[in-house]
Amino acid sequence: DADTMRQAVIGPAEFAVLVRIYNSVLAEPWFTADEAKRGRFRRYIIEAMRAGVNDAAELTEHCREMARHHFSEPASSAPG
């Protein structure tokens, strides 16, 4: 129905926010290198937006915190 279709469509402005959030987390040294986990995080960002977290700053803060808790890896123990 129309409500489902509206929920399924992400406009260009929303997509830009999603990409910006993902790229900002991707640049963090603690973010996972595991592609499957990265895919789950991308889906999480989309679902958070669809669940009603529409303010870009709030969505960014929420997703970064979630990524830090669920998609981070320990710092490398390689000698520096």
Side-chain angles (χ1 to χ4, degrees):
D1 74 338
D3 287 338
T4 303
M5 182 58 114
R6 266 194 299 277
Q7 185 180 14
V9 175
I10 295 174
E14 292 90 354
F15 184 74
V17 169
L18 297 175
V19 170
R20 198 164 43 247
I21 292 169
Y22 179 74
N23 286 341
S24 75
V25 172
L26 184 63
E28 295 291 348
W30 48 259
F31 189 60
T32 183
D34 183 286
E35 282 302 320
K37 290 179 183 177
R38 287 180 174 192
R40 285 197 298 275
F41 179 65
R42 287 190 295 266
R43 287 188 296 278
Y44 180 85
I45 299 170
I46 293 167
E47 292 306 316
M49 179 177 274
R50 287 183 175 159
V53 185
N54 295 316
D55 177 75
E58 182 183 344
L59 184 63
T60 300
E61 183 179 335
H62 172 76
C63 289
R64 288 183 63 81
E65 182 177 329
M66 203 282 301
R68 190 83 153 125
H69 286 97
H70 299 284
F71 294 95
S72 64
E73 295 181 345
S76 171
S77 59

Glu47 and Arg50 ion-paired at < 4.0 Å =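 Salt bridge: yes.
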If a pair satisfies ring pair (Phe, Tyr, Trp, His ring centres under 6.0 Å) and one of its residues is in residues 46-68, list it, with sequence neighbours excluded.
->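 Checked against ring pair (Phe, Tyr, Trp, His ring centres under 6.0 Å) - neighbours excluded - the pairs reaching residues 46-68 are Tyr44-His62.
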Is any side-chain heavy atom of Phe41 closer than 4.5 Å to a side-chain heavy atom of His70?
->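 In short, these two side chains do not touch, never coming nearer than 4.5 Å.
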Got a sec, which residues hit side-chain hydrogen bond (donor to acceptor under 3.5 Å, both in side chains) with Thr32, two or more places apart in sequence or on another chain?
->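 By the side-chain hydrogen bond (donor to acceptor under 3.5 Å, both in side chains) rule, Thr32 matches Glu73.
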Report the C-alpha distance between Trp30 and Phe71 in whole Å, list the side-chain angles of each, state the deciding distance to 0.1 Å, and finish with yes or no for side chain to side chain contact (heavy atoms under 4.5 Å, CB included).
-> CA-CA 8 Å; Trp30 48 259; Phe71 294 95; 5.8 Å; no
For Ala36, side chain to side chain contact (heavy atoms under 4.5 Å, CB included) partners two or more places apart =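 By the side chain to side chain contact (heavy atoms under 4.5 Å, CB included) rule, Ala36 matches Asp34, Arg40.
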Sequence neighbours left out, cut at 3.5 Å: what donor-acceptor pairs do the side chains of residues 52-59 make with other protein atoms?
from  : atom 1 : to    : atom 2 : distance (Å)
Asp55 : OD2    : Ala57 : N      : 3.4
Asp55 : OD2    : Glu58 : N      : 2.8

Which value, rounded to the nearest 0.5 Å, describes the distance between Leu26 atom CG and Ile21 atom CD1?
->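 Rounded to the nearest 0.5 Å, the CG-CD1 separation comes out at 13.5 Å.
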Qualifying side-chain hydrogen bond (donor to acceptor under 3.5 Å, both in side chains) pairs, either residue in residues 14-26, two or more places apart =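 Listed by first then second residue: Tyr22-Arg42, Ser24-Arg64.
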Are there more than 12 heavy atoms of other residues, nucleotides or ligands under 6.0 Å from atom CD of Glu28?
->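 Counting neighbours around CD of Glu28, more than 12 heavy atoms of other residues, nucleotides or ligands fall under 6.0 Å, so yes.
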Counterpart residues, salt bridge (charged side-chain N to carboxylate O under 4.0 Å, His left out), relative to Glu35 (two or more places apart) =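 Residues passing salt bridge (charged side-chain N to carboxylate O under 4.0 Å, His left out) with Glu35: Arg38.
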